[in-house]
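Only one structure is covered here, and it is reproduced in the block below.
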Amino acid sequence: CRTADLGPISLNWFEELSSEAPP
Amino acid sequence: TEITDLPARDSLNPGSLQLVSKFKNPSSSCSVDVSAVWWERAAAKEPCIITACEDVVSLWKPLDTLQWEKVHTWHFTEVPVLQIVPVPDVYNLICVALGNLEIREIRALLCSSGDESEKQVLLKSGNIKAVLGLTKRRLVSSIGTFCNQQVQIMTFAEDGGSKDEQLLMPPDETILAFAEVQGMQDALLGTTTVNNIVIWNLKTGQLLKKVHIDDSYQASVCHRAYSEMGLLFVVLSHPCAKESQVFGSPVFQLLVINPKTAQSVGILLCCLPPGQAGRFLEGDVKDHVAAAVLTSGTIAVWDLLLGHCTAVLPPASDQSWSLVKWSGTDSHLLAGQKDGNVFIYRY
């Protein structure tokens, strides 16, 4: 898999998206 | 009590499928689904088979001799059964979706604790677009289309009794299917009619992200997802894919998504081995194995880690396959035919 095509990866994506998304 | 045919144990099938047991559901209506669930009888949990025909759903318990005995039946006289909806971690309860072309009702099937008589309870009604049973005794359903859509999680008690309800934020796009994320119990995926994958937080009900996927294959359906190293690996099927000369007909695709950036790349296309033809008709994915019934009437199995087709099961007894499900109780594959024949294979 060419992970470079996918942009920066975060192991904590679920928590980060939950804090950014509208409640 | 009906007792089924004697099972055959010594038949070897192509690839890595070995016939363990078979039986016939003697219902007169068309067989529509099959599933394997845990059911508790006399304080012991048993791995049972559920079969669904248009007008009757039956529970079969195993006998010592690898035969199956029908122990409960639920009858449906008004609206036909479309599919079985297993709810993991709930014992003595199975859900079914009823309707004609589209789902109109979801019902819970159970037995009363006193006299063991069969009961059914209406859980949802309306224009139901998608439904899925989730771990931790949850059932997710979407009712309505576009802006008038309601996405709801229902949580059952361990005995299938009292329940709690919670709404998820709708995506303003009609949902085609839901998929659980293995390794992340609070995440849920959905595919929509405009080729987006949406990601929810099941605890808060938030819609976290919309990811647009390649438009090469319209109406892709998500079956399962895996969370690994900050990425989501999603198994999609392509019921509308046209055959190409290079790849044949793509049946499943493994897609990797970076949820942070909403970028995605296809990493594995599961195509038919040479000499096989057909498109995806219906299928099931469990752990790293994906099985599909093809329009040719054949069943094909792919190992997603090895990246290739590992078994092809041609029609048996001159009858096409119409159903394929992985057992929820062991590593068996359930294969069904329209006339009620169910074959159980060890994979």
Side-chain angles (χ1 to χ4, degrees), chain A, chain B residues 151 166-172 179-190 196-214 225-235 253-269 304-305 307:
Chain A
C1 168
R2 296 161 300 160
T3 49
D5 294 350
L6 298 170
I9 293 166
S10 168
L11 293 179
N12 298 317
W13 65 269
F14 191 72
E15 293 73 21
E16 289 169 15
L17 292 181
S18 297
S19 66
E20 294 162 10
Chain B
V151 189
Q166 183 205 345
L167 287 175
L168 302 184
M169 187 176 283
D172 295 338
E180 278 210 286
V181 182
Q182 208 160 305
M184 194 168 262
Q185 287 192 330
D186 292 326
L188 177 71
L189 296 193
N196 279 335
I197 291 181
V198 289
I199 308 170
W200 286 278
N201 180 332
L202 286 174
K203 261 195 172 160
T204 61
Q206 289 167 292
L207 180 62
L208 300 181
K209 206 78 171 178
K210 270 188 197 178
V211 179
H212 189 70
I213 51 174
D214 188 356
Y226 317 89
S227 175
E228 285 286 339
M229 302 298 287
L231 297 170
L232 275 178
F233 294 81
V234 185
V235 184
Q253 184 181 193
L254 187 62
L255 195 73
V256 61
I257 294 174
N258 181 351
K260 275 293 276 184
T261 61
Q263 298 295 309
S264 65
V265 178
I267 52 170
L268 175 67
L269 214 46
L304 301 171
L305 294 176

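We use all heavy atoms of the structure for the numbers below, so side chains are in, but hydrogens, waters and symmetry mates are not. In this text the structure is predicted, and so the values were computed from the model without any measurement.
- Between the CZ atom of A:Phe14 and the OG atom of B:Ser227 there is a distance of 9.5 Å, given to the nearest 0.5 Å.
- Note on B:Ile257, B:Thr204, B:Asp186: by heavy-atom pairs under 4.5 Å with chain A, the leading option is B:Asp186.
- We find the CG-CG distance between A:Leu17 and B:Leu207 to be 10.5 Å, quoted to the nearest 0.5 Å.
- Residue B:Ile199 touches chain A through its side chain alone, counting heavy-atom pairs closer than 4.5 Å.
- In this structure the side chain of B:Leu231 never reaches within 4.5 angstrom of the side chain of A:Trp13, judged on heavy atoms.
- A donor-acceptor pair is defined here as one N or O able to donate and one able to accept, closer than 3.5 Å; such a pair exists between the side chain of B:Asn258 and the backbone of A:Pro8.
- Note: A:Ser18 leads A:Ser18, A:Ala21, A:Pro23 in heavy-atom pairs under 4.5 Å with chain B.
- With a 6.0 Å radius and a threshold of 12 heavy atoms from other residues, nucleotides or ligands, B:Glu228 has its CD atom at or below the threshold.
- With rounding to the nearest 0.5 Å, the separation of CD in A:Glu15 from CG in B:Asn201 is 9.0 Å.
- Under a 3.5 Å cut-off, the side chain of B:Gln263 and the backbone N or O of A:Gly7 do not form any donor-acceptor pair.
- Using a cutoff of 4.0 Å between basic side-chain nitrogens and carboxylate oxygens, A:Glu20 and B:Lys260 are scored as salt-bridged.
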